[in-house]
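For the single chain, residues carry numbers from 1 onward in sequence order.
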Amino acid sequence: MERLHRECDAADAVVVAEILNGSFLARYRPVGEAFPTDASSDADAPYFESSSLDVELEAQRRRLAPEKERIVDAVGRLSVLNEALLGNNHERADREIGSFVEDFGATLTVAWKAASARSAGDEKARDFGLPALAPYWSPKRSVLSAAFEDTTDRERNYLQARRSFVGFARRAALDPNDASLVVDLLSPRLTDGFGYARRLQAFGRRGVVDTVAFMFRLSRMLRRDGAAVEAERVLAALPSEVVEEWHNSFGDLNPSSLQDFVGREDQFADLKLFAHLPAWSEYGNLYDHRLAVEEAIGERLDGIKPATRDPSGFAAPQSDAAALLGAAPRGPSDVEGDGFHRTVALVASASGGTLLIKDGEELGSLLDRTIDVPHLLSAEEIERLLPPRRPDALYEYYRLVLLNDADPNSTRNHAVRRALQRVLRERHDGDVVSFMRSVDSDRGHVSDHLYELLSEPFLTSLYEIYAHADDVLEAQTRLLEWQGSRRNDADAMTRARSHRLLIRLRRVRGDIESTRIYVDPLRLFEWLVGSLSEDLKALAPFAEDIIADEDRSTSLTDAVRTTVQPRARLLRLIDRAYREFCMNRVHGAASFIARRIRHGTLHGHLSVEIAPLVEQAAAEFAESAPEFAAYLRGWMRRFDAAVLAMARDRMHVRSKEKPRGLIVGAIDDPDKSLVANAIVLRIATALRESSQVVTPIAIILDDCWLLFEVDLRRSREAFEKLRADFVIDVGQRFATGRPEVDARMSQTILELNGVVNQRFETAKSWLTRPTNFSPSASMSLLVNAVIDEVSHRHQLRPPIIDIPEDADIDLIGHRFHLVYDALFVLVVNAAKYSRRGTRTRIAARREDEDDRYIGLVIEIASSIDPSEADERFRRIEEEMIADVDNAMDIDEQSGLRKVRCIVEEIDEVIGFDWRRNGDGVVFALTMRYLRS
């Protein structure tokens, strides 16, 4: 059978067909139902890869002849359907489709028309033509339906969709029958491996309507190939009545009618028309137009390189970009042209060598009015068409983008980044949105490409423009805002709002991170004035003696000396100030260390947040390197214990109870002697120049931070030693001898060390003097910042936040710190103790206010597991009535005592209460402060 199909010529085809029809071999001939009720084909019959066209024509002549009357009827009905569709009479067209399917079965011809109408229509058309499409959607979506629907989908890129399906066919990823039909649908001039006989054989397995439609297309292709005799043989295989009805029903169609049908909404309407043409191939002039385009750039549309066809038959090559920017070519069939036809002309011009382009602006205009140029030309053709032009930064940027899109690699990507940075520097003062505006137009083709290019990772790589991560986020946010406004892009606007919130959250989080250690300057200044003013005034007459005193001791153990000697008296005042600076239980540095670092933050940041990464790495090597996996788990346990010990024993003011504390809350610390002596001289000099104490007190306030820097440096060194103790350096110890496993092990060690290193760097940054002594944020921002921080360390479902606009007040300075600390403790408790699956509720409201005061109530409500509720409520009750004197030294409790300690010291807080609500608990912080 294979040899008969391959070797039989036209003279013998009839005789062979007669013999086969009466033979048992006839069962091996593929014959589809004339009017199939579903989309299946005769898949069991063998597929003859090398069949001759004459054999297939004879087989179809015998198959079609008995059905000629119904085929004639079907052709006439098809014409009526076209008339209804092109007249935009959807209701009538839908009825015609339903009756056509009922009378003639499932056909690709009508299914593609229905899909064309659905793609071209508005939302009302989404339920259109279902009887024709349903056979190709069930039980699963047919590739024959998907290929046409995806290439006409207005949300998809035609070139990418076409290349995907043609690629499937060329790589033999599809059934041979389906592959031939897909190629005929999308790339009819692709004959390598998909000859006309093979296609006719494939259509022979389908209904007779599809077979007839293909045979008329085939006759036109053969005539364009110069094979008029073969074209006549194709028509001769059709019943004469069918040929007559076809010619009467389908002449030429005014291209504008179809263009109106598919839409003219953008500059690439000619591409949209081209994509829809497979559904309208019965009109000879439209099919000829399609074939002309396919002959010009079909190979390039399919991604076949190098292209062998000459595109100049469709559009004459040009040597000057100005000519290409003029009216787009209409092609040999006089179809209205726009950006797609201009692109074909540009491709044709590439064969002529260098294109004369005035400057980068003209090149940008040309790219704005063409489509997919780098995917239709090779990198070599682009190099030839657009040679380098170094002085023109914008031209170079466009040229390099085209080259990188045509043949991407790391070198070209780097060149694009450098070129873009040059354009931004030289033309737009580093403002990427300014550049976006300059290249934008009503067409938006170039600006859309630029928008897609400028992803966050790409922006991050523009090191010369954006030095910091916040700069990148700001740039991306402005791009999203521009996109949302310019393109009416709701998704971009939503992302922009999210980014804006993130920027503000980062600012608040930055304020929190930079004030992990904080001393309220106003409260300390008030204490210094009230406690030291008289003593400082009394020392003013002795300023010269203090300056002249050569004693450099900072010891305060001699009570007589510190009572009699002026210099020692001044040292004692400084020591009192520094002790208050360090150890005030609410406003001192040690208090903030207890609230901001020891209370779960240090352990959470250094240990809890990296534990999942370590466990993931251990699990990865559980089988390939079990000893290494066990080491990682043991390392994590040891590291966790060391971090807890650091918080418990070291991050304290040194005392009898905490002898290993890193903070020495006194100036007679040997490490502080140089700083203390310098402070003594500064204060004495100020007292000599004026007996007013404001300046010396300001010096003390500022220089306490210099003294504290000694303790902070000691703490940072302890962190550094802890980090050094836990560097993972065991690659050779656990080597398996398998290169791929050992290489991955080395990479894992490198990654884990990098994560730990970054964590320690952040923790060390907490141990610095704050840069912002009066941070501020709105209530809602601060709440979100706390939630963000807690969610990194605990499993926390997104809380319900209820903060109306009138309660979303700005919190500044100590109010910022108070609300942050209270929220942090309460949200952490909610995350740790709330019933699984429930959400915490955080609400704020204004109440009990008058012309002088603003009243604010903040409530945090959460549910507790009923089985644990009584015990939890008992512990809450204990902590809410217990003594708070040592609250800042105790880290094992829930933190409620810390909040109470803070609250008692701040006049503006008039209440911190709790109440039971069934199995839930509600904490309320009530504030009242003067209107500003």
Side-chain angles (χ1 to χ4, degrees), residues 35-39 70-138 141-142 144-155 185 206-210 212-214 216-217 242 245-265 269 272-287 290 335:
F35 301 99
T37 56
D38 57 39
R70 292 187 68 186
I71 296 174
V72 168
D73 186 20
V75 170
R77 297 269 291 280
L78 196 62
S79 175
V80 172
L81 171 60
N82 284 358
E83 180 183 334
L85 286 170
L86 295 174
N88 283 315
N89 190 337
H90 281 86
E91 185 176 343
R92 178 189 171 197
D94 209 23
R95 287 198 308 271
E96 290 293 338
I97 287 174
S99 64
F100 191 98
V101 172
E102 185 176 340
D103 292 341
F104 305 109
T107 67
L108 289 169
T109 303
V110 176
W112 288 337
K113 289 184 185 297
S116 176
R118 289 164 63 87
S119 174
D122 54 22
E123 288 302 315
K124 295 178 181 177
R126 289 302 166 184
D127 294 328
F128 177 82
L130 292 180
L133 291 164
Y136 299 94
W137 287 357
S138 178
R141 191 182 183 210
S142 165
L144 303 173
S145 170
F148 183 78
E149 291 172 38
D150 288 4
T151 50
T152 56
D153 188 334
R154 66 185 72 188
E155 301 299 326
L185 170 71
R206 298 281 162 177
V208 293
V209 173
D210 291 333
V212 168
F214 170 72
F216 279 103
R217 295 197 298 272
V242 171
E245 181 64 24
W246 188 276
H247 288 154
N248 290 337
S249 299
F250 306 117
D252 287 347
L253 178 69
N254 185 345
S256 293
S257 299
L258 187 57
Q259 187 72 76
D260 291 339
F261 174 76
V262 302
R264 302 172 178 269
E265 62 266 29
K272 186 174 183 180
L273 175 72
F274 179 76
H276 281 257
L277 283 179
W280 304 91
S281 296
E282 55 269 28
Y283 297 107
N285 63 322
L286 295 183
Y287 194 60
R290 183 180 177 215
V335 173

Novice: Would you name the heavy atoms of F148 and A275 that are closest together and state the gap between them?
Specialist: CE1-O, 3.8 Å

Novice: Before you tell me yes or no, could you show the steps for V75 and F216 under side-chain contact (heavy atoms from CB on, under 4.5 Å), namely the whole-Å CA-CA distance, both residues' side-chain angles and the distance that decides it to 0.1 Å?
Specialist: CA-CA 12 Å; V75 170; F216 279 103; over 6 Å; no

Novice: Excluding sequence neighbours, so at least two apart, what forms ring pair (Phe, Tyr, Trp, His ring centres under 6.0 Å) with Y287?
Specialist: none

Novice: Mind checking whether W137 and L130 have side chains closer than 4.5 Å, heavy atoms only?
Specialist: yes

Novice: Quick one: salt bridge (charged side-chain N to carboxylate O under 4.0 Å, His left out) pairs with a partner in residues 99-109, sequence neighbours left out?
Specialist: R77-D103

Novice: Output the distance between atom CH2 (W246) and atom CD1 (I71), rounded to the nearest 0.5 Å.
Specialist: 11.0 Å

Novice: Working note: N88 + H90, criterion side-chain contact (heavy atoms from CB on, under 4.5 Å); need CA distance, chi angles, decisive distance, verdict.
Specialist: CA-CA 6 Å; N88 283 315; H90 281 86; 4.1 Å; yes

Novice: Answer yes or no: is there a side-chain heavy-atom contact under 4.5 Å between F104 and V110?
Specialist: no

Novice: Going from OG on S256 to CZ on R264, what distance comes out if it is rounded to the nearest 0.5 angstrom?
Specialist: 5.0 Å

Novice: Closest approach of V262 and H276, non-hydrogen atoms and distance?
Specialist: CG1-CG, 3.6 Å

Novice: Whether the side chain of N285 engages the backbone of D252 through a donor-acceptor N/O pair (distance < 3.5 Å, no angle test) should be reported.
Specialist: no

Novice: Strictly distance-based, threshold 3.5 Å: is any side-chain N or O of R290 a donor or acceptor partner for the main-chain N or O of F274?
Specialist: no

Novice: What residue among L273, N82, L86 forms side-chain contact (heavy atoms from CB on, under 4.5 Å) with F261?
Specialist: L86

Novice: Which pairs with one or both residues in residues 274-286 pass salt bridge (charged side-chain N to carboxylate O under 4.0 Å, His left out), sequence neighbours excluded?
Specialist: K113-E282

Novice: Distance-only, no hydrogens or angles: does the D38 side chain make a donor-acceptor pair with backbone N or O of P135 under 3.5 Å?
Specialist: no

Novice: So which atom in P36 and which in G207 form the shortest heavy-atom distance, rounded to 0.1 Å?
Specialist: CD-CA, 3.6 Å

Novice: Could you tell me whether the side chain of R206 reaches within less than 4.5 Å of the side chain of T107, counting heavy atoms only?
Specialist: no

Novice: Y136 side chain to L108 main-chain N or O, any donor-acceptor pair under 3.5 Å?
Specialist: yes

Novice: What's the shortest heavy-atom distance between F100 and L78, and which atoms?
Specialist: CE1-N, 4.1 Å

Novice: Specify the closest pair of heavy atoms between A269 and G263, including all atoms of both residues, with the distance to one decimal.
Specialist: CB-O, 3.8 Å

Novice: Kindly compute the distance separating CZ (F250) from CG (L286), expressed to the nearest 0.5 Å.
Specialist: 12.0 Å

Novice: About how many Å separate OG of S99 and CG of L81, when rounded to the nearest 0.5 Å?
Specialist: 8.5 Å

Novice: Hey, what do you get for OG (S257) to CD (E83), rounding to the nearest 0.5 Å?
Specialist: 11.5 Å

Novice: Any donor-acceptor pair under 3.5 Å linking the side chain of S119 with the backbone of T152?
Specialist: yes

Novice: Output the distance between atom CG (L133) and atom OG (S145), rounded to the nearest 0.5 Å.
Specialist: 5.5 Å

Novice: Judged by atom type as modelled, is there a donor-acceptor pair below 3.5 Å linking the side chain of T151 to the main-chain atoms of A147?
Specialist: yes

Novice: Can you name the nearest heavy-atom pair linking S116 to A279, along with the distance?
Specialist: CB-CB, 4.0 Å

